[in-house]
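This report refers to the structure that appears directly beneath it.
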Amino acid sequence: LAMSLVGSLEVPMKYLITGFAYISGIFLILLGISRLTKQMQEGPRGPGGMGTLMTFISAGALLSSSRMMGAFSASMFGDATVSTNVALSPVVTAAMTDPAAQTAFIDVIEAIMIFVMLVGWVAFIRGWFVLKAVADGGSQASVAQAFTFLLGGALAVNLPDLINSIQTTMGITAFGMTFS
């Protein structure tokens with residue numbers, strides 16, 4: 001049941017998140033143009049500098065959010081594709097002899113991974129908004145917070161690859177599952 005719910009929501013949620021990022025990028029471009037015209041009218045007292053520059057950078061990042069996520073993924077894991085398919089180790093399959101239980105276990109793990117990926121996308125997009133707020137002088141935002149959202153979101157989207165990397169690095173073979 002959990003897998004069918006998350007599986008049914010995965011594609012529409014990706015479209016919703018991508019659509020929100022795209023519309024937000026267009027809005028930020030318009031806001032940046034407005035800031036530039038206001039700066040030309042008001043001179044040195046008008047908005048400008050890093051805030052306007054980061055508005056355009058954030059807009060570009062939001063308009064190409066899937067490519068930006070791919071760049072983050074490729075730089076961290078060497079591959080821009082995300083994997084969610086679970087492969088159980090022989091230890092787990094020997095302990096769980098019922099095939100229905102194995103299938104249910106795999107479905108739950110895959111549903112959790114998809115949910116974490118969706119939350120990671122939201123965090124990644126929020127990171128660009130926080131970075132823009134830092135450039136605007138927002139007192140509630142910091143560069144560390146922005147990069148935490150960007151890096152944490154990218155890691156959440158690539159959680160299966162992160163788990164595989166940690167298992168390989170630590171030499172853990174008894175964890176019970178790998179992702180492909």
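This one's a predicted model, so the numbers in the text were calculated from it and none came from an experiment.
Aromatic ring pairs are classed by plane angle as parallel below 30°, tilted from 30° to 60° and perpendicular above 60°; the pair Phe72 and Phe124 is perpendicular.
Leu118 has its side chain within reach of Lys14: a pair of non-hydrogen atoms, C-beta onward, lies under 4.5 Å apart. Taking the side chain as every heavy atom from C-beta outward, Lys132 and Leu62 never approach each other to under 4.5 Å. When side chains are defined from C-beta on, Phe77 counts as touching Leu155, because their heavy atoms get closer than 4.5 Å.
Considering all non-hydrogen atoms of both residues, Gly120 and Val157 come closest at C-CG2, 3.7 Å. When all heavy atoms are compared, the tightest approach of Met69 to Gly153 is CE-O, 4.2 Å. Residues Ile29 and Ala59 share a closest heavy-atom pair of CG1-CB, 3.5 Å. Scanning both residues, Leu9 and Pro12, for their nearest heavy atoms gives O-CD, 3.4 Å. Listed here is the closest heavy atom pair of Gly127 and Phe149: CA-CB, 3.5 Å. Arg126 and Gln145 make their closest contact through NH1-NE2, 4.2 Å (heavy atoms, listed as atom of the first residue, atom of the second, distance).
The neighbour count for Tyr22 OH, taken as heavy atoms of other residues, nucleotides or ligands under 6.0 Å away, does not exceed 12.
Under the 4.5 Å side-chain contact rule for hydrophobic residues, Ile23 and Leu28 do not share a cluster. Linking ILVMFWY residues whenever their side-chain heavy atoms come closer than 4.5 Å, directly or via other members, places Met170 and Met76 in the same cluster. Linking Ile, Leu, Val, Met, Phe, Trp and Tyr whenever their side-chain heavy atoms come within less than 4.5 Å puts Ile33 and Leu63 in one cluster. Transitive grouping of hydrophobic side chains (ILVMFWY, heavy atoms separated by less than 4.5 Å) keeps Ile109 and Phe115 in distinct clusters. Connection of Met13 to Val122 is established within a shared hydrophobic cluster, with ILVMFWY side chains joined at heavy-atom distances below 4.5 Å, either directly or through further cluster members.
Distance alone, capped at 3.5 Å, is enough to place a donor-acceptor pair between the Ser75 side chain and the Ala71 backbone. Using modelled atom types, no side-chain atom of Thr18 and backbone atom of Tyr15 make a donor-acceptor pair closer than 3.5 Å. A donor-acceptor contact shorter than 3.5 Å is absent between the side chain of Ser58 and the backbone of Phe129.
Separating the CG atom in Asn164 from the CG atom in Leu159 is a distance of 9.5 Å, to the nearest 0.5 Å. Ile125 CD1 to Ser65 OG: the interatomic distance, rounded to the nearest 0.5 Å, is 5.0 Å. For the atom pair OG1 (Thr103) and CG (Asp98), the distance works out to 8.5 Å, reported to the nearest 0.5 Å. A distance of 10.0 Å separates CG in Leu162 from CD in Gln167, rounded to the nearest 0.5 Å. Leu31 CG to Phe56 CZ: the interatomic distance, rounded to the nearest 0.5 Å, is 8.5 Å. Ile166 CD1 to Asp161 CG: the interatomic distance, rounded to the nearest 0.5 Å, is 11.0 Å.
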